[in-house]
Amino acid sequence: MANEQATQAVDPIIYLYPQRTDKAKKQVPYQKPFQLISFSYSSTHEFEFSDSSLRYYVDPPLNVRLDHGFMRWIRRPEERGRLDSLLKAYSRVNKEYSMGEVGVVSWRGVMTKILSAIYDDGGAMELNIMSVGGTLYLEEHRTEEQLRNMNDLTRRQATFMYYGYAFESYCTSDTPMRVAKPPAHLGDPPEWGGDVNTNVQWCSVVKSRLGDIRVVIGGEVDCVRETYTRQPDTYVELKTSQEVLSAQDADRFQRKLLKFYFQSYLLGVPEVIVGFRSPKGILLKTQSYQTAHIPRLVRGRRDAWDPLLCLEWGYDILSFFKERIMADINDGAPPDTVWRARFVPSHAVLFQKLDRAGVDEVVAGEDRIGFLPRWYWQEVMGVHEGRGKDKGDTKAGWRI
């Protein structure tokens, strides 16, 4: 049975954001990601170690409606930000060969939010953090109320969300070349890639380094261009945005590019294709952006974001988490301790160790130790002391 958490709440430690006008004091490299493994979710969201859900990029038609098929949309409800499928993949890799010491394991979405936090005025986020065998595990904390709000969308909110999924359908095929097929439904455009089912996902798990912190990151990949090489070099990220007609639109798109950039950069995705739509959801044009070149598009502009400052911030806050957690462990914190990091937009991160009530909320009645599935906890606690040191991993870093 896991050790008991401290019963008393602990006041949070405040870690301030840097100023947006600051310059990075050091250049923190991010190593070119290397794919370890991939996996799929089926139409019923069944996990499988296969590439059955992989899709290929094809050019979409223009002047089509992005609300097509909306009423047939199979929408998977939002859930807690669990690491379970990522841990299944990471566990399989670790059984095939030792990963050595890994500093952080998390989803790409969490890492994107961490790196972009200093520029994101709406980026409130809470993370649950555990340390097992020297590795930090990060999951986004979502309360039951937050999940209800995320799932209880207005028709307008749902429609805007759907535009992005419909764009993916027009842009993808299950073969490298689009093959003409009879329409599944009367009125389907010939280029329609199939009705939207968000149960279906294809995910990549990569290893990299942020400075000297080794990271394992998992994330969904929209499609590949022409050939799947089992590495991220042909991956494509698909995005939609309203057409840019004014300076205000340009500022809004500039802020979007920050997320587009790090979402792709962290997994090693080299290309982002944006579909620009009208306010009424008509696809007007597409534009391809090379991920490595995106920071140049905002450099010198008013309120421009700086990727170097983001990387330095990310390294510093992860190092802070590690330092504080190790101090608590040295003071006797049990191995199943859970810490909470609350990201307050435009201000700071509030960091604290959870009490028993806080941990119970995280567990949410599931078979877990903290937020880690019990099977994984038992597996790691049985082997982590025998891990060897990793040697090598000398791939060149991404250039900005």
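Only this structure's heavy atoms are used, side chains among them; waters, hydrogens and symmetry mates stay out.
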*Provide the closest heavy-atom pair for Ala304 versus Tyr119 in the form atom of the first, atom of the second, distance.*
O-CE2, 4.0 Å
_Pair Trp202, Phe39 - check ring pair (Phe, Tyr, Trp, His ring centres under 6.0 Å), show working._
CA-CA 6 Å; Trp202 182 63; Phe39 60 88; 9.4 Å; no
*Salt-bridge criterion met for Arg178 and Glu191 (N-O under 4.0 Å)*: no
*Nearest 0.5 Å, what's the CG-OG1 distance between Leu54 and Thr175?*
11.0 Å
*Ring centroid separation for Phe343 and Tyr15, is it under 6.0 angstrom?*
no
_Taking the basic N atoms (NZ, or NE/NH1/NH2) and the acidic carboxylate oxygens, is any pair closer than 4.0 Å for Lys113 and Glu140?_
yes
*Could you please spell out the steps behind the salt bridge (Lys or Arg N to Asp or Glu O under 4.0 Å) verdict for Glu168 and Lys239?*
CA-CA 8 Å; Glu168 291 178 19; Lys239 296 293 183 184; over 6 Å; no
*Could you walk me through whether Tyr90 and Ile37 pass the side-chain contact (heavy atoms from CB on, under 4.5 Å) test, one step at a time?*
CA-CA 8 Å; Tyr90 181 50; Ile37 196 170; over 6 Å; no
*asked:* With heavy-atom distances below 4.5 Å as the criterion, would you say the side chains of Arg277 and Leu284 are in contact?
replied: no
*Which atoms form the tightest heavy-atom contact between Ile217 and Leu267, and what is the distance?*
O-CD2, 4.0 Å
*asked:* As a quick check of understanding, evaluate salt bridge (Lys or Arg N to Asp or Glu O under 4.0 Å) for Lys26 and Glu312, giving each step before the final call.
replied: CA-CA 7 Å; Lys26 57 184 180 293; Glu312 181 184 53; 3.7 Å; yes
_Check: Arg55 and Asp174 side chains under 4.5 Å, non-hydrogen atoms_ = yes
*Atom CD1 of Ile118 and atom CG of Leu309: how far apart are they, to the nearest 0.5 Å?*
3.5 Å
*In plain terms, say whether Arg368 and Asp84 are close enough for a salt bridge, that is, a side-chain N and a carboxylate O under 4.0 Å apart.*
yes
_Tell me whether Asp249 is salt-bridged to Lys256, with the criterion being a basic N under 4.0 Å from an acidic carboxylate O._
no
*Nearest heavy-atom neighbours spanning Gln201 and Ser53*: O-CB, 3.3 Å
_Quick check for you: to the nearest 0.5 Å, what is the distance between Tyr165 atom OH and Asp222 atom CG?_
10.0 Å
*Sequence neighbours excluded, which residues qualify as side-chain hydrogen bond (donor to acceptor under 3.5 Å, both in side chains) partners of His45?*
Arg76
*Judged by atom type as modelled, is there a donor-acceptor pair below 3.5 Å linking the side chain of Ser106 to the main-chain atoms of Val110?*
no
*State the CZ-OG distance between Arg324 and Ser319, to the nearest 0.5 angstrom.*
13.5 Å
*Would you mind checking if Asp188 and Lys181 are paired as a salt bridge, meaning a charged N to carboxylate O distance below 4.0 Å?*
no
*asked:* For the CD1 atom of Ile369 and the CH2 atom of Trp375, what is their distance to the nearest 0.5 Å?
replied: 13.5 Å
*Considering all heavy atoms, the nearest Val272-Ser264 contact*: CG2-OG, 3.2 Å
*asked:* Let's go through Tyr163 and Phe160 carefully: what are the C-alpha distance in whole Å and the side-chain angles of both, what is the deciding distance for ring pair (Phe, Tyr, Trp, His ring centres under 6.0 Å) to 0.1 Å, and is it a yes or a no?
replied: CA-CA 5 Å; Tyr163 287 160; Phe160 284 145; 5.7 Å; yes
*Check step by step if side-chain contact (heavy atoms from CB on, under 4.5 Å) holds for Trp377 and Asp336.*
CA-CA 9 Å; Trp377 168 271; Asp336 64 331; 3.9 Å; yes
*Between Tyr228 and Tyr235, what is the shortest heavy-atom contact and its length?*
CE1-OH, 3.5 Å
_Between Lys285 and Glu243 (salt bridge meaning N to carboxylate O under 4.0 Å), is one present in this structure?_
no
*Note: Lys259-Asp120 ion pair, threshold 4.0 Å (strictly below)*: yes
_Evaluate Arg142 against Glu126 for salt bridge (Lys or Arg N to Asp or Glu O under 4.0 Å), listing each step before the verdict._
CA-CA 8 Å; Arg142 293 173 175 173; Glu126 292 186 346; over 6 Å; no
*asked:* Tell me whether Glu96 contacts the main-chain N or O of Val93 through its side chain, where contact means a donor paired with an acceptor under 3.5 Å.
replied: no
*Phe351 six-ring face occupied by Arg340 cation (under 6.0 Å, within 45°)*: no
*Can you measure from OH (Tyr162) to CG (Leu66) and round to the nearest 0.5 angstrom?*
9.0 Å
*Listed by chain and number, what are the side-chain hydrogen bond (donor to acceptor under 3.5 Å, both in side chains) partners of Glu361, not counting sequence neighbours?*
none
_For Asp51 against Ser38, the heavy-atom pair lying closest together_ = OD1-OG, 2.6 Å
*Let me see the working for Glu101 and Arg214 under salt bridge (Lys or Arg N to Asp or Glu O under 4.0 Å), right down to the final yes or no.*
CA-CA 7 Å; Glu101 297 296 330; Arg214 298 186 70 219; over 6 Å; no
*If you measure from the Lys or Arg side-chain nitrogens to the Asp or Glu carboxylate oxygens, is any gap between Glu144 and Arg80 under 4.0 Å?*
yes
*Could Arg255 and Asp251 be called an ion pair, given the rule that one side-chain N must be under 4.0 Å from one carboxylate O?*
no
*asked:* Could you check whether Glu139 pairs with Arg82 (Lys NZ or Arg NE/NH1/NH2 to Asp/Glu carboxylate O, under 4.0 Å)?
replied: yes
